[in-house]
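Read the numbers this way: they start at 1 and go in the same order the structure lists the ligands and their atoms. Everything numeric in this text was worked out from a predicted model, so none of it was measured.
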Amino acid sequence: MKHLLKMLDLSREDIIDILNFADQLKYELKNGIKHDILAGKSLGMIFQKASTRTRVSFEVGMYQLGGQALFLSNRDLQIGRGEPIEDTARVLSRYLDGIMIRTFDQSEVETLAEVGSIPVINGLTDFSHPCQVLADLMTIREIKGTLQGLKMCFVGDGNNMMNSLIVGGLKVGMSVSVACPQGYEPDASVIEFASGTEEFNMLRDPMTAVKDADVVITDVWASMGQEQEQAERQQAFKGYQINDELMENAASDAIVLHCLPAHRGEEITASVFEKHASSIFEEAENRLHAQKAVMAKLMR
Ligand code: CP
Ligand code: NVA
């Protein structure tokens, strides 16, 4: 594994390996055991979209491993003024030991990896959010004790989170059902990957999709870059809310995850959010541990 670009690229072993190391790093951090695995190394973090969790967890994670992180906003970089991603890749490869990038088009991340000579980590594109899904799988395993055989249900938009959860969930032996309105399905490449297995179900009806689910997940109806579609999406996603009534149909000990930020009253009610706040904020914390494991694996 040279980069972390999308869940489709990872094997089951890659994922389990990262989760095991993430668990170890979490335990060690809580017990005061320090590491300098990445001493002297620098990670550049390119942000073309906003972020709270990704920015802070990568920056702190790099520091905790003995290295440093540079926050590079496209408002300040020459990329923002049209310098090609190919040139940026070749320049940054000469200074840095790794790049994390949050951007729109998946092809920018792929190009960065192809043209540059250092590990590239996808910190979210319109297509994929692998760091979040690794943290989600870590959280599920931590709470449920296993991944294999559990049922995951994602209700909402066929966005970066749905794309990545379908692939990640299936790869670790979960069954995955999704409910989305017509016209908001996951990416064709993800459907193609998933349709090879009976463990995948794509439905319109959230009530049916969530039946006996062990893990119920949602995300915003309008992702970053889709702000102008907010009103239209609010109509399209009516009925795709995680609320108490829907949760009645999930397993009685089901957990709820949300990558955050959450819009209470839209994709999730305040009631469900608060009942499941402990798993949701554990999930947010696990970004730190999972990404430290990824950085150590790629940049050591
Ligand atoms: N979940 C997530 O990626 O959060 P940020 O957008 O705050 O980084
Ligand atoms: N789907 C959301 C995830 C935010 C972390 C977005 O892309 O804006």
Asks: Answer yes or no: does atom CZ of F71 have more than 12 heavy-atom neighbours from other residues, nucleotides or ligands under 6.0 Å?
Replies: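 Counting other residues, nucleotides and ligands, CZ of F71 exceeds 12 neighbours.
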
Asks: Do me a favour and list the nearest non-hydrogen protein atom to atom 4 (C) of ligand 2 with residue, atom name and distance?
Replies: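 In this structure, atom 4 (C) of ligand 2 has L124 CD1, 3.9 Å as its nearest protein heavy atom.
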
Asks: At the 4.0 Å heavy-atom cut-off, does L124 count as touching ligand 1?
Replies: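 No, that is not the case, since the closest heavy atom of the residue is not under 4.0 Å from the ligand.
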
Asks: Hey, is R287 one of the residues with a heavy atom under 4.0 angstrom from ligand 1?
Replies: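 True for this residue.
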
Asks: When you measure from atom 8 (O) of ligand 2 to every protein heavy atom, which one gives the shortest distance, and what is it?
Replies: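 Result for atom 8 (O) of ligand 2: M224 N, 2.8 Å.
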
Asks: Hey, is L260 one of the residues with a heavy atom under 4.0 angstrom from ligand 2?
Replies: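 Under 4.0 Å: yes for L260.
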
Asks: Closest non-hydrogen protein atom to atom 6 (O) of ligand 1, residue and atom name please, with distance?
Replies: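 Going by distance alone, atom 6 (O) of ligand 1 is nearest to R102 NH1, 2.8 Å.
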
Asks: Does D126 come within less than 4.0 Å of K49, counting only side-chain N to carboxylate O?
Replies: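 Salt bridge between D126 and K49, a charged N being under 4.0 Å from a carboxylate O: yes.
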
Asks: So which protein heavy atom does atom 4 (O) of ligand 1 come closest to, and at what separation?
Replies: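 Going by distance alone, atom 4 (O) of ligand 1 is nearest to R53 NE, 2.8 Å.
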
Asks: Tell me the protein heavy atom at minimum distance from atom 3 (C) of ligand 2, and give that distance in Å.
Replies: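 For atom 3 (C) of ligand 2, the nearest protein heavy atom is D219 OD2, 3.6 Å.
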
Asks: Hey, are K171 and E13 close enough for a salt bridge, meaning a charged N less than 4.0 Å from a carboxylate O?
Replies: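 Salt bridge flag = no for E13 with K171.
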
Asks: To which protein heavy atom is atom 7 (O) of ligand 2 closest, and what is the distance rounded to 0.1 Å?
Replies: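 Result for atom 7 (O) of ligand 2: N160 ND2, 2.8 Å.
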
